[in-house]
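Taking it in order: structure first as structure tokens, then the write-up.
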Amino acid sequence: MSEHTTPTNFIKQIVEEDMAENKYDEIVTRFPPEPNGYLHIGHAKSIVLNFELADEFGGRTNLRFDDTNPLKEDEEYVNSIKKDIEWLGYEWDSLRFASNYFDQMYDCAVHLIKKGLAYVDDLSQEEIRQYRGTLTEPGKESPYRDRSVEENLDLFARMKDGEFSDGEKVLRAKIDMSSPNINMRDPVLYRIAHATHHNTGDTWCIYPMYSFAHPLEDAIEGVTHSICTLEFQDQRPLYNWVVEQCDMEAQPKQIEFARLNMTDTVMSKRKLNWFVNENYVDGWDDPRMPTISGLRRRGYTPDSIKQFCREIGVAKVDNTVDVRMLEHFVREDLKLTAPRTMAVLRPLKVVITNYPEDEVEWLDADINPENEEMGKRQIPFSREIYIEQSDFMENPPKKYFRLYPGNEVRLKHAYFITCQDVIKDEDGNVVELHCTYDPETKSGTGFTGRKVKGTLHWVEASHAKDAEFRLYDSLTKDDQEGEDFMDKVNPESLEIVNGYVEPNMASVKPEDKFQFFRHGYFNVDPKHTTDEQIVFNRIVSLKSSFKL
RNA sequence: UGGGAUAUAGCCAAGUGGUAAGGCAACGGAUUUUGAUUCCGUGACCCGCAGGUUCGAAUCCUGCUAUCCCAGCCA
């Protein structure tokens, strides 16, 4: 499955040691999303880590939905999550839901009650908070803490049977109200929620909390290495307590790593949600979103995302990876696979005055000069073409080697042309250029008579196909002044321009990817492209050392 | 002021007592029918700071400092 070599990391080393000690027959990991949102690039880091770690040691990985909170979860998300993981190219060994284990979890809770390690508490939410103490002061024990096993058993059964309303009672672990670790101060194990669950419907009106459910899920599935993010470090003692006190056979090991942060990118569900709810973006799959579906629509390939995730490494330091690193990996992936073609995003008409009228010649062009196997294409050339507005300047600065009055440049795959006249409208805007060409300079003839500094891309006017180009920038900018994330929002994250592409682009399909000469890599937008109009998303521009 | 973590170049990140890998970015230069690609070259007199142990420390010890996480019936 994997040809790549992933750099080592501390988790891999732990697994290596465990394998060396024959601690497990097989390593088992899991990717445990809560179905309450779309997957993003940060999740991809976890997916790649979990799936490839297990794969590397011949183990397996489950996809397990952590659906213990029906108030927030929805079927829509489980479908999108499955789809995204499949698109990335991973196959889970087994598809599970935390809700599959509700019966066993209930039994475990009863088991704890019988051991005198759990009790039903009548304190209100507010009271529980007050009794918990603070970071520096210990908590106080609930007056209900010492109920008898029989009473707890009865009360818990009645909680399950729906005798109480939401918030009236909870089941708590009996651990230590004065623990310096707040998670150990009698954490809530079960709460009452009369809500319909996407999977179990109305079967249950009590639902387990993450800290109780998660270790049990891992143990039930025989997960050996339960990988999660740093903020769960304080929960590890509780995780171990649950596994041990519930007398679970398997003893999964929780290992925490630092989540991914990226420059100019928001990763929290809350903030991502804001963009969607405000209709600032075109849904969760808007090409500017760092979601898997957004990156996909933007044009990122599964390999580029996975390679990025492998190369950024896995450690415990809070990190912010430069988004340019992600961009680097798509460029690298598309370099050899994306066909080259020419597109003029902001057209300027050029008339080649000494070229015969009504003549059209078809020129040979490599589809990808870095990958000859891709073959050739034919492109038309005639008296009228379009070039890029930014490829002409009437009064150029030094080191500008594109077109300007009197200057000669090369038209890619065609001829040298020299700018003779500049046509302007009443307002003084340049609307057309008159140039002459030199027939001797035709590409492919081996002409070496003289050299030219610039090579321009172009599209023949009469055969040109209309296209829309969507140019993206990040939704937020880190260097923007302000405390609030709203201050970071980039008002210019989307620019739409209309121009032309080569005639053979008429047959493109959604998600086809191209390199537009001198512009960058583009993806055919699957949502907005119609029979009448192709919409291209700019995935990433080409690097450029040119500065005006 | 409690507990848990982390500190290696602008950003990631190897390094696990023997004298600082690699990638991204940046900057030079060569090649170039993409100001792209490719190719070559440039970075830590030093590993948060201060002491100590040792023939020898980023790696061990001590003490500081900074940053992140924890007081949901969220995950």
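A note on names: the letters A, B, ... follow the listed sequences, proteins ahead of strands, and every chain is numbered from 1.
- Comparing B/rU34, B/rA14, B/rG35 against the side chain of A/T8 picks out B/rA14 as the nearest.
- When side chains are defined from C-beta on, A/R172 counts as touching A/I128, because their heavy atoms get closer than 4.5 Å.
- Rounded to the nearest 0.5 angstrom, A/F516 CZ and A/L542 CG are separated by 12.0 Å.
- Minimum atom distance to the side chain of A/V317 is reached by B/rU6, of the listed B/rA26, B/rU6, B/rC68.
- Taking 3.5 Å as the limit, the base of B/rU34 and the side chain of A/T455 contain no donor-acceptor pair of atoms between them.
- Of the residues near RNA chain B, A/H328 and A/N9, the one whose nearest nucleotide (by heavy atom distance) lies more toward the 5' end is A/N9.
- Under the 3.5 Å distance criterion, with hydrogens and angles disregarded, a donor-acceptor pair is assigned to the side chains of A/Y355 and A/E361.
- The base of B/rU38 is not paired with the side chain of A/E370 by any donor and acceptor separated by under 3.5 Å.
- B/rU65: Watson-Crick or G-U partner is B/rA7, with both key distances under 3.5 Å.
- The CG-P distance, from A/D176 to B/rC70, rounds to 21 Å in whole Å.
- In this structure, B/rA14 forms no base pair with any nucleotide, since neither Watson-Crick nor G-U wobble geometry is met with both distances under 3.5 Å.
- An OP1 or OP2 oxygen of B/rU37 is reached within less than 4.0 angstrom by no side-chain nitrogen or oxygen of A/R331.
- Checking side-chain atoms of A/K12 against main-chain N and O of A/T6 turns up a donor-acceptor pair under 3.5 Å.
- Nucleic acid contact for A/Q13: base, since at least one base atom lies under 4.0 Å from a heavy atom of the residue.
- Of the possible donor and acceptor atoms, none in the side chain of A/D161 sits under 3.5 Å from a partner among the backbone N and O of A/E163.
- You'll find that the side chain of A/L542 is closest to B/rA36, out of B/rC24, B/rU33, B/rA36.
- Looking at the side chain of A/F546, the nearest of the listed nucleotides B/rG2, B/rC12, B/rG35 is B/rG35.
- Of the candidates B/rC12, B/rC70, B/rC73, the closest approach to any side-chain atom of A/N319 belongs to B/rC12.
- Remark: A/T68 is in phosphate contact with B/rA75, judged by side-chain N or O atoms under 4.0 Å from OP1 or OP2.
- Stacking here means ring centres nearer than 5.5 Å and ring planes tilted less than 30 degrees, and by that measure A/Y210 does not stack onto B/rA75.
- The interatomic distance linking A/Q233 (CD) with B/rU67 (C1') rounds to 14 Å, in whole Å.
- The nearest whole Å value for the distance from the CG atom in A/L230 to the C1' atom in B/rG4 is 10 Å.
- In the set B/rC11, B/rG2, B/rA7, B/rC11 carries the atom at the smallest distance from any side-chain atom of A/D322.
- Of all nucleotides listed (B/rU34, B/rA25, B/rC74), B/rC74 comes nearest to the side chain of A/K72.
- In B/rG41 the base sits anti relative to the sugar, since the glycosidic angle is further than 90° from 0.
- Where A/K543 and A/L123 each meet RNA chain B at their nearest nucleotide, the meeting point lying more 5' is that of A/K543.
- Looking at A/D234, its side chain comes within 3.5 Å of the base of B/rG3 through a donor and an acceptor atom.
- The side chain to side chain donor-acceptor pair (under 3.5 Å) with A/N36 is formed by just one residue from the set A/E76, A/K269, A/K72, A/E73; it is A/K269.
- Not a single donor-acceptor pair, N or O on each side, falls under 3.5 Å between the base of B/rG72 and the side chain of A/R129.
- Of the candidates B/rG35, B/rC74, B/rA14, the closest approach to any side-chain atom of A/A315 belongs to B/rA14.
- A close approach under 4.0 Å does occur between a side-chain nitrogen or oxygen of A/S545 and OP1 or OP2 of B/rA36.
- Across B/rA71, B/rA75, B/rU33, the shortest atom-to-atom separation from the side chain of A/F232 is found for B/rA75.
- For the pair A/K335 and B/rU38, the criterion of a side-chain N or O lying under 4.0 Å from OP1 or OP2 is met.
- Atom CG in A/N371 sits about 21 Å away from atom P in B/rA36, given to the nearest Å.
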